[in-house]
Structures are given as structure tokens and as C-alpha cells.
Amino acid sequence: MSKRVGLWLVGAHGGVSTTVAVGLSALKLQATQNWGLVSELEQFSNLDFIDWSNIVLGGHEIRETDSRTEALLLAGVTPAINRELIIKCESELAEFDKNVRPGVLYNVGETIKKLSDKAFVSEDDSARAAVNRIQVDLEEFATLHQLDQVIVLNLASTEPPVDPESLPKTWAEMEPTLANHDCPLPASSLYAIAALEKGWPFVNFTPSLGSCPSAIDELAVAKKTCHMGHDGKTGETFLKSVLAPAFAQRNLEIMSWVGHNIFGNMDGQVLDDPINKETKVTSKDRLLGQILGYDPQTHISIEYIKSLGDWKTAWDHIHFRGFLGTPMIMTFTWQGCDSILAAPLVLDLFRFTELAARQGETGLLTFLSSFFKSPLGTNENDFSKQFDMLTHWSDTSDAPG
Ligand SMILES: NC(=O)c1ccc[n+]([C@@H]2O[C@H](COP(=O)([O-])OP(=O)(O)OC[C@H]3O[C@@H](n4cnc5c(N)ncnc54)[C@H](O)[C@@H]3O)[C@@H](O)[C@H]2O)c1
């Protein structure tokens with residue numbers, strides 16, 4: 001497949017985006033292997049995925065920095081990426097940086113605003129003005145690089161929660177509210193609207209609102225394009241969605257599940273704000289009740305411990321009951337490098353979404369649910385059943401080359 005497609009990263013210089021940029025460069029240069037990439041599994045070898053060399057990176061960012069600096073930070077005290085690999089990828093990273101534009105700050109909360117040190121559209125402008133600005137940047141990118149398609153992937157900091165129920169239900173009702181100065185939609189939803197209005201897919205890797213509202217789904221369908229979210233499932237929640245079905249299938253009752261998470265990257269710093277943390281905890285806590293059919297007592301803590309950098313440790317304590325009511329305990333410790341776990345899944349999501357869009361799929365891509373903590377459009381949270389949805393889609397997929 002020889003078309004050129006843009007991958008537009010919102011939060012272009014964050015930890016995950018930077019790892020995506022280094023990883024994609026390394027794959028183009030054949031300087032790494034396919035570790036961690038789901039799309040490289042044997043069962044997907046029938047799919048006509050886009051070549052790595054045909055992907056062009058661009059994005060929005062609110063901080064004044066560059067990919068090389070951010071990558072070297074990830075190679076620093078708590079190494080996530082090999083320094084020599086970054087040096088090999090330097091010219092690719094510089095090309096990416098040429099396509100990065102100032103992002104929009106709209107209903108993002110004080111903690112995210114404080115990160116910002118470059119020009120942006122703010123609440124002083126209307127949400128419509130922000131959407132228009134984003135669209136100008138996306139169109140310039142597509143024209144400059146002669147792209148057949150642009151896929152927007154949200155990797156920006158987690159925003160404070162917005163109740164989707166408080167929003168207009170239809171696109172006809174929501175669209176006029178963009179002109180109001182008190183429009184409640186956060187930046188993540190404005191990026192989604194900007195992409196979808198142009199007929200380009202949107203994927204939300206964060207727990208922020210993004211394309212969750214039904215009105216935005218309606219927009220995607222009307223524009224004959226697709227979207228999916230939300231919140232990438234990379235570590236502790238991935239294990240929950242693997243383990244909880246096993247307890248259920250042995251008729252072992254989970255009485256409580258407690259998870260303590262500690263990490264020290266910028267995502268952790270933003271999640272240290274209780275308002276932003278609420279969005280993440282809700283997303284991490286949603287799946288157990290859906291898998292088990294009852295709600296055990298749960299507790300999730302997320303603490304910012306600066307010295308840990310991108311390395312996250314999660315301790316989970318599962319208190320369960322078996323035959324004759326005898327209580328037992330399982331504990332596990334997960335020590336993962338956040339950006340290294342997330343970046344290949346971002347590349348996978350891009351590849352599957354690009355293929356689905358080429359096949360003319362519209363609306364929510366629920367077959368991608370195994371990639372998300374809170375998959376939209378489905379209540380299926382059992383990882384193995386979600387993975388079956390992906391393989392079933394692959395077996396019946398018929399994309400033109
Ligand atoms: N394993 C994982 O790393 C993982 C898993 C699931 C979800 N996520 C989510 O992915 C997102 C990115 O994670 P990260 O570790 O890269 O975080 P990060 O803090 O390193 O990066 C976020 C980037 O977004 C930028 N940004 C913030 N608001 C913006 C806006 N309105 N427009 C443009 N840029 C904006 C910030 O300046 C920063 O560079 C977070 O929301 C995180 O919760 C990460």
C-alpha cells in the first residue's frame with residue numbers, strides 16, 4: 001500500500017508522542033524490531049497495513065520544546081529509551097518538529113494551562129475559532145506533504161472531567177453552541193470535531209472527553225469517517241481485564257480490589273491535581289463491575305513520585321472468596337515503562353484505523369476495544385473477548401490496496 005498518510009499527534013512533545021516519534025523513526029530506519037506491536041502479530045499478516053515509510057508525523061503542542069530534547073529526557077535518569085537510538089533518529093525527529101503547531105487550550109483546567117508557554121487559542125476565543133484554527137493546521141499539513149488522509153490521535157494531558165450527559169445529544173444541537181463563549185467542550189473534543197468535520201478519523205488515547213459525546217459520533221457518521229476511544233489500556237488495567245474474567249470463570253467472588261499506582265512523569269504531575277485525577281480514576285475503575293456483573297469494593301490511588309520518571313509501579317491486592325466462603329488473596333506488582341508500553345499501541349491504533357477508514361468504515365471502531373480502558377460503543381471489557389473482536393474483524397477485513 002503506497003499512499004502517504006499523516007499521523008497528527010495532539011500533545012506532540014509529551015512522553016508517549018516522543019516515544020512514538022522515536023519508535024516510528026527507528027522502524028523506518030530498520031533500527032529496531034517489532035517488539036510490543038500488536039499489528040505485527042502473525043494473525044494480522046493478511047492485512048494490507050500502511051508501510052512505516054509512508055507515515056508522516058505532525059502535531060499540536062502547548063509547550064516550547066522539541067522532540068530531541070524530550071527524547072533525551074526519556075533517556076535520562078530513569079531510562080526509557082536508548083540514547084544511541086535517539087542519535088540515529090535525530091534527522092527524522094527534526095522533520096517531525098517542523099510539522100508541530102501551537103495547540104489550543106480550551107476548558108483544560110489550571111494545571112494544564114500552567115504547563116503552557118507558547119501561543120495558543122484560549123477561552124477568550126470561541127470554541128468555533130479554536131476548531132477553525134486546528135483545521136487550518138491540519139489542511140496545511142495535508143497539502144504540504146501531499147497526504148491522502150490525516151488521522152488525529154489525542155495524546156495530550158488528561159483534562160478535568162465533563163459529564164457527557166450535560167451536553168447536547170445531537171450534532172444539530174451541539175454545533176451552534178461552539179459559537180458561544182461558555183461552550184463547555186474541552187480542547188480534546190475540539191480536536192475531535194476539527195478532524196471529523198474534515199472527514200478525517202480521530203482516536204482518543206486519553207481519558208479526556210474527546211469524541212465520547214453522542215453528538216460527535218453523529219458528526220463522524222455524517223462525514224463518513226470513523227473514531228474510537230478512550231484511554232489506552234497499557235498496564236494495570238490491562239492486567240485487570242485479563243485476570244477478572246479468570247476469577248469469574250472459576251466462580252471465585254472478588255470482594256475487593258485495591259490498586260496503588262506511583263510514577264513520576266509529566267502525566268503523573270498533571271494527575272496529581274485531584275480534578276484531573278478524577279477523570280483517570282473513573283476510567284480505571286469502570287471495567288470490574290462490567291466484567292463481573294457485580295461491584296466489589298474498589299480503591300485506586302495514583303501518586304506522583306518524581307524520582308520514578310516514566311517508570312510506573314502498580315501494586316494490586318485482590319481479596320476473593322472461594323468454596324465454603326474461605327477468603328484468599330492475590331497480590332501482584334507491575335513495573336512498566338509507561339511510554340514504552342503505550343507507543344506501540346498508538347502505532348497499532350493508527351494502522352488499524354487507517355485500514356478501517358480505507359475500507360469505508362464509519363462511526364465507532366468497536367473492534368479496537370482491546371486497546372482501551374473505557375472502550376466506546378461496547379460494554380465488553382474481557383480482554384480475550386475484545387481480542388477476539390479484533391481477530392474477527394481482521395479475518396473479515398477486505399481493504400483495497
Ligand atoms: N501508558 C501510558 O503512558 C498511557 C496509558 C493510557 C493513557 N495515557 C494518556 O495519554 C496521555 C499522554 O501521556 P504522556 O505520558 O505522554 O503525558 P505527557 O504529560 O508526557 O504529555 C502530554 C503532552 O500534551 C501536551 N498538551 C497538554 N494539553 C494540550 C493541548 N490542549 N493541546 C496540545 N498539547 C497539549 C503537554 O504539553 C504534553 O507535552 C495522557 O492523557 C495519559 O493519561 C497514557
Side-chain angles (χ1 to χ4, degrees), residues 8-22 36 58-67 69-71 73-74 80 100-123 130 133-134 137 152-160 185-192 194 203-210 229-238 261 263-273 276-277 279-284 302 304 309-312 314 334 336-346 349 371-374:
W8 189 267
L9 303 171
V10 180
H13 289 141
V16 179
S17 290
T18 301
T19 311
V20 168
V22 174
H60 279 115
E61 179 52 65
I62 55 160
R63 291 179 304 122
E64 199 68 71
T65 178
D66 60 73
S67 298
T69 307
E70 295 295 323
L73 282 175
L74 285 166
V100 176
R101 300 286 174 268
V104 308
L105 288 180
Y106 200 90
N107 292 336
V108 294
E110 287 310 308
T111 301
I112 296 179
K113 271 191 202 160
K114 276 187 213 145
L115 295 177
S116 173
D117 53 12
K118 71 174 168 187
F120 55 84
V121 174
S122 73
E123 278 98 342
R133 246 283 311 281
I134 298 166
D137 292 339
V152 174
L153 235 138
N154 182 26
L155 291 170
S157 314
T158 301
E159 297 161 347
L185 291 171
S188 59
S189 297
L190 305 188
Y191 286 115
V203 179
N204 187 8
F205 200 78
T206 82
S208 305
L209 188 69
H230 63 326
D231 202 6
K233 186 159 75 173
T234 57
E236 188 206 25
T237 315
F238 159 58
N261 297 267
F263 63 128
N265 58 19
M266 198 166 47
D267 187 30
Q269 197 183 327
V270 171
L271 295 178
D272 213 30
D273 181 325
N276 302 57
K277 189 184 296 192
T279 309
K280 190 60 133 188
V281 169
T282 307
S283 178
K284 281 170 90 67
I302 303 175
Y304 174 60
D310 204 46
W311 284 83
K312 183 189 280 172
W334 170 262
C337 183
D338 248 11
S339 301
I340 290 295
L341 289 164
L345 303 186
V346 170
L349 282 166
F371 291 95
F372 295 101
K373 289 188 188 75
S374 305

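What's counted below: heavy atoms across the whole structure, side chains too, no hydrogens, waters or symmetry copies. First listed ligand is number 1; within each ligand, the first listed atom is number 1.
If you take NE2 on His13 and OG1 on Thr69, they are separated by 8.5 Å, rounding to the nearest 0.5 Å. How far CG of Leu73 is from OG1 of Thr65: 7.0 Å, rounded to the nearest 0.5 Å. Between atom NE2 of residue His60 and atom CZ of residue Arg133 there is a gap of 6.0 Å, rounded to the nearest 0.5 Å. To the nearest 0.5 Å, atoms NZ (Lys113) and CG (Leu105) are separated by 7.5 Å. For the atom pair OG1 of Thr237 and CZ of Phe372, the computed distance is 13.5 Å after rounding to the nearest 0.5 Å. To the nearest 0.5 angstrom, Glu61 atom CD is 8.5 Å from Leu115 atom CG.
With hydrogens and angles disregarded, a donor-acceptor distance shorter than 3.5 Å links the side chain of Ser189 to the backbone of Gly210. With hydrogens and angles disregarded, no donor-acceptor distance shorter than 3.5 Å links the side chain of Thr279 to the backbone of Pro207.
Counting only heavy atoms of the protein, atom 6 (C) of ligand 1 lies nearest to Gly232 O, 3.1 Å. Gly15 N, 2.8 Å is the protein heavy atom nearest to atom 20 (O) of ligand 1. From the protein, the heavy atom lying nearest to atom 5 (C) of ligand 1 is Thr234 OG1, 3.5 Å. Among protein heavy atoms, the minimum distance from atom 21 (O) of ligand 1 is reached at Gly14 CA, 3.1 Å. Summary of contacts: the protein heavy atom closest to atom 11 (C) of ligand 1 is Ala156 O, 3.5 Å. Looking only at heavy atoms of the protein, atom 8 (N) of ligand 1 is closest to Lys280 NZ, 3.7 Å. Scanning all protein heavy atoms for the shortest distance to atom 17 (O) of ligand 1 gives Asp267 CB, 3.6 Å. The nearest protein atom to atom 12 (C) of ligand 1, hydrogens excluded, is given as Leu155 O, 3.1 Å; this is a heavy-atom distance.
Annotation: Asp338 places an N or O atom under 3.5 Å from an N or O atom of ligand 1; distance criterion only. On a distance-only criterion, Val104 and ligand 1 share at least one N/O pair closer than 3.5 Å. Taking any N or O of Val108, backbone or side chain, none lies under 3.5 Å from an N or O belonging to ligand 1. Between Thr158 and ligand 1, a contact under 3.5 Å exists for at least one N or O pair.
The atoms of ligand 1 that sit less than 4.0 Å from any heavy atom of Ile112 are 27 (C), 28 (N). Interface of His60 with ligand 1, defined as ligand atoms under 4.0 Å from a residue heavy atom, comprises 33 (C), 34 (N). Ligand 1 places these atoms under 4.0 Å from at least one heavy atom of Arg63: 36 (C), 37 (O), 38 (C), 39 (O). Less than 4.0 angstrom separates some heavy atom of Ala342 from each of these atoms of ligand 1: 1 (N), 2 (C), 3 (O).
At a cut-off of 3.5 Å, with distance as the only test, no side-chain donor of Ser374 or Asp231 sits close to an acceptor on the other residue. There is a side-chain donor-acceptor pair under 3.5 Å between Asp310 and Ser339.
Each of Asn154, Leu153, Val10 was checked for a side chain to side chain contact (heavy atoms under 4.5 Å, CB included) with Phe205, and the lone residue meeting it is Leu153. For the side chain to side chain contact (heavy atoms under 4.5 Å, CB included) criterion with Glu159, the lone passing option out of Thr206, Val108, Asn107 is Val108.
In this comparison of Asn204, Ile302, Val16, the heavy atom closest to atom 13 (O) of ligand 1 sits on Val16.
Assignment of Tyr191 to the shell around ligand 1 is supported, since a heavy atom sits closer than 4.0 Å. Assignment of Ile62 to the shell around ligand 1 is supported, since a heavy atom sits closer than 4.0 Å. Under a 4.0 angstrom heavy-atom cut-off, Asp231 registers as being in contact with ligand 1.
With a heavy-atom cut-off of 4.0 Å, His13 touches ligand 1 through its backbone alone. Under 4.0 angstrom from ligand 1, the non-hydrogen atoms of Lys373 all belong to its side chain.
Ring pair Phe238/Trp334 is perpendicular by interplanar angle, where above 60° counts as perpendicular and below 30° as parallel.
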